[in-house]
2 protein chains.
Amino acid sequence: MAKKQQEKSQQTMDELMASAVELFGTKGFTQTSVAEITENAGYAKGSFYRHWDSKDELFLQIVERKLREYRDARDPKVSGAHDLEEAMNIIWDFLETIINDRNWSSIFLEFTIHSAHSEILKKLMNKSIYRLSNQIFADLVRAHVRTDFPPEKIGALNTALFEGFLIHRTLGTQVLTIGDVRRAAIALALANGAKNG
Amino acid sequence: MAKKQQEKSQQTMDELMASAVELFGTKGFTQTSVAEITENAGYAKGSFYRHWDSKDELFLQIVERKLREYRDARDPKVSGAHDLEEAMNIIWDFLETIINDRNWSSIFLEFTIHSAHSEILKKLMNKSIYRLSNQIFADLVRAHVRTDFPPEKIGALNTALFEGFLIHRTLGTQVLTIGDVRRAAIALALANGAKNG
DNA sequence: TTCCAAAAGTGACCGCAGGTCATTTTTTGA
DNA sequence: TCAAAAAATGACCTGCGGTCACTTTTGGAA
């Protein structure tokens with residue numbers, strides 16, 4: 001059997017990824033070094049690069065997995081919504097759970113800005129598997145839009161407000177609560193997407 | 001006279017800052033090294049640290065100067081506004097000029113996220129001289145708010161939407177135009193701050 | 001004009017980062 | 001038992017922000 005070796009390799013990847021999730025989640029992306037990730041998992045630095053080409057690549061994999069988990073918990077709920085307001089409320093219940101997932105939302109934000117340095121990363125970050133953004137929200141909201149305002153823009157404005165709040169929160173500013181932003185985002189979506197403004 | 005030496009020192013600072021403004025404005029904060037800044041200005045790396053304690057400190061000085069310039073051009077206009085809508089429109093004329101100032105808005109954004117790694121920097125970035133944010137917009141809008149919705153929150157929501165759009169734009173996503181965001185921000189401010197919603 | 005203290009300017013050096021790769025260790029199946 | 005293949009290693013590379021002992025320039029007092 002040529003199985004054991006693959007299994008060992010997979011286990012190493014899992015251990016390294018678990019170590020990375022722990023460290024990224026505590027210290028953020030930039031502040032966590034590859035050497036720390038491997039050391040924390042009991043390997044040498046070189047082992048990391050047998051499994052991933054770069055720190056970026058590992059982070060993208062973690063993001064993908066986390067977003068998939070979030071969505072699996074969310075999508076069934078949203079599809080049961082009856083109108084735009086209900087859909088938006090479910091979306092914001094979801095965004096609030098993300099906000100409460102340690103400080104991952106801030107770390108996503110950090111990586112999003114980091115990705116601006118590379119054209120390749122930028123393109124990747126526009127894909128829906130790496131972003132809670134645009135297309136996704138648009139799709140969730142589309143069925144309930146009663147005006148000719150593009151659902152994509154409703155989704156993008158929602159993301160903008162959410163990510164703007166993340167910046168606000170990252171800096172430790174206290175003026176806004178997530179409730180404030182939630183109300184504003186829903187009001188905005190309804191003004192644009194519900195019959196009579 | 002002990003003047004010439006001070007003058008020379010000031011000239012060096014000016015030259016290094018001009019070099020930094022040029023490079024930051026082209027390549028961003030992280031991608032510009034201190035060695036590049038000094039080399040581009042014709043000095044050795046060590047000279048930089050005679051005038052600033054860190055790359056961060058120089059960047060803050062540049063931000064402070066740029067924001068002062070922006071505001072000097074804006075404040076007289078806003079103070080002539082007669083109602084909330086007019087004030088918001090003037091504010092957004094101003095935000096659009098910032099967006100059009102090469103890619104400085106994205107670089108501000110980059111540094112804002114960068115500052116999250118240091119408590120000291122975070123505190124500094126909450127000061128109005130380093131941010132186009134919260135307090136400033138609140139003050140500009142306060143006189144025209146006709147509800148009991150806090151002007152600070154109107155200002156902060158406006159900033160959130162603007163900075164969220166910056167992220168969107170930095171990633172090269174095409175869904176939103178600045179016009180879309182402007183309309184949304186003004187609608188939001190009026191819904192919260194004008195009589196009858 | 002001489003001279004020396006203070007200021008400006010220099011660049012080798014430090015620690016640490018992400019990433020590479022020749023080498024060693026372990027696993028596997030014949 | 002053994003050799004090929006895969007996994008693991010850590011010294012090493014380049015480049016970063018930042019330091020500091022040193023050299024050069026400057027300016028005023030003797």
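When rounded to the nearest whole Å, the span between CH2 of A:W52 and P of D:dA8 equals 11 Å. Note: CG (A:L16) to C1' (D:dA7) measures 12 Å, nearest angstrom. When rounded to the nearest whole Å, the span between CG of B:L58 and P of D:dG18 equals 11 Å. Going from atom CG of A:D53 over to atom P of C:dT20 covers 8 Å, rounded to whole Å. The CD atom of B:E7 sits 15 Å away from the C1' atom of C:dA8 (whole-angstrom rounding). Between the NZ atom of B:K55 and the P atom of D:dT19 there is a distance of 14 Å, rounded to whole Å. When the C1' atom of D:dG15 is taken as reference, atom CD of B:E36 falls 11 Å away, rounded to whole Å. Nucleotide D:dA7 holds its P atom 14 Å from the CD atom of A:E15, rounded to whole Å.
In summary, A:R131 and A:E163 engage in a salt bridge, as defined by a charged side-chain N under 4.0 Å from a carboxylate O.
With distances taken from any side-chain atom of B:A44 to the nucleotides D:dA8, C:dG19, C:dT10, the minimum falls on C:dT10. The B:S54 side chain lies nearest to D:dG18 when the options are D:dA7, D:dG18, C:dT10. When distances are taken from the side chain of A:R50 to each of D:dG17, D:dA8, C:dT10, the shortest belongs to D:dA8.
The side chain of A:H51 places an N or O atom within less than 4.0 Å of a non-bridging phosphate oxygen (OP1 or OP2) of D:dA8. Here B:S47 does not reach the OP1 or OP2 of C:dA8: none of its side-chain N or O atoms lies under 4.0 Å away. Phosphate proximity of D:dA8 to A:T12: present, with a side-chain N or O under 4.0 Å from OP1 or OP2. Residue A:Y49 has a polar side-chain atom (N or O) positioned under 4.0 Å from OP1 or OP2 of C:dG19. Not one side-chain nitrogen or oxygen of B:K45 sits closer than 4.0 Å to the OP1 or OP2 atom of C:dG11.
Across the interface with DNA chain C, nearest-nucleotide mapping of B:G46 and B:S9 shows B:S9 to be the residue nearer the 5′ end.
Residue contacts shown for B:T30 are absent, as no nucleic acid heavy atom lies under 4.0 Å away. Within the nucleic acid shown, A:F48 has no heavy atom closer than 4.0 Å to any nucleic acid atom. Residue contacts for B:T32: at a heavy-atom cut-off of 4.0 Å it reaches the sugar-phosphate backbone alone, with no base atom in range.
Here the CG atom belonging to A:N40 is positioned 10.0 Å from the OG1 atom belonging to A:T32, to the nearest 0.5 angstrom. Between B:F94 atom CZ and B:Y70 atom OH the span is 8.0 Å, to the nearest 0.5 Å.
Counting all heavy atoms, side chain and backbone alike, B:M125 lies closest to B:T112 at CE-OG1, 3.7 Å.
Between B:L171 and A:S115 there is a side-chain heavy-atom pair separated by less than 4.5 Å.
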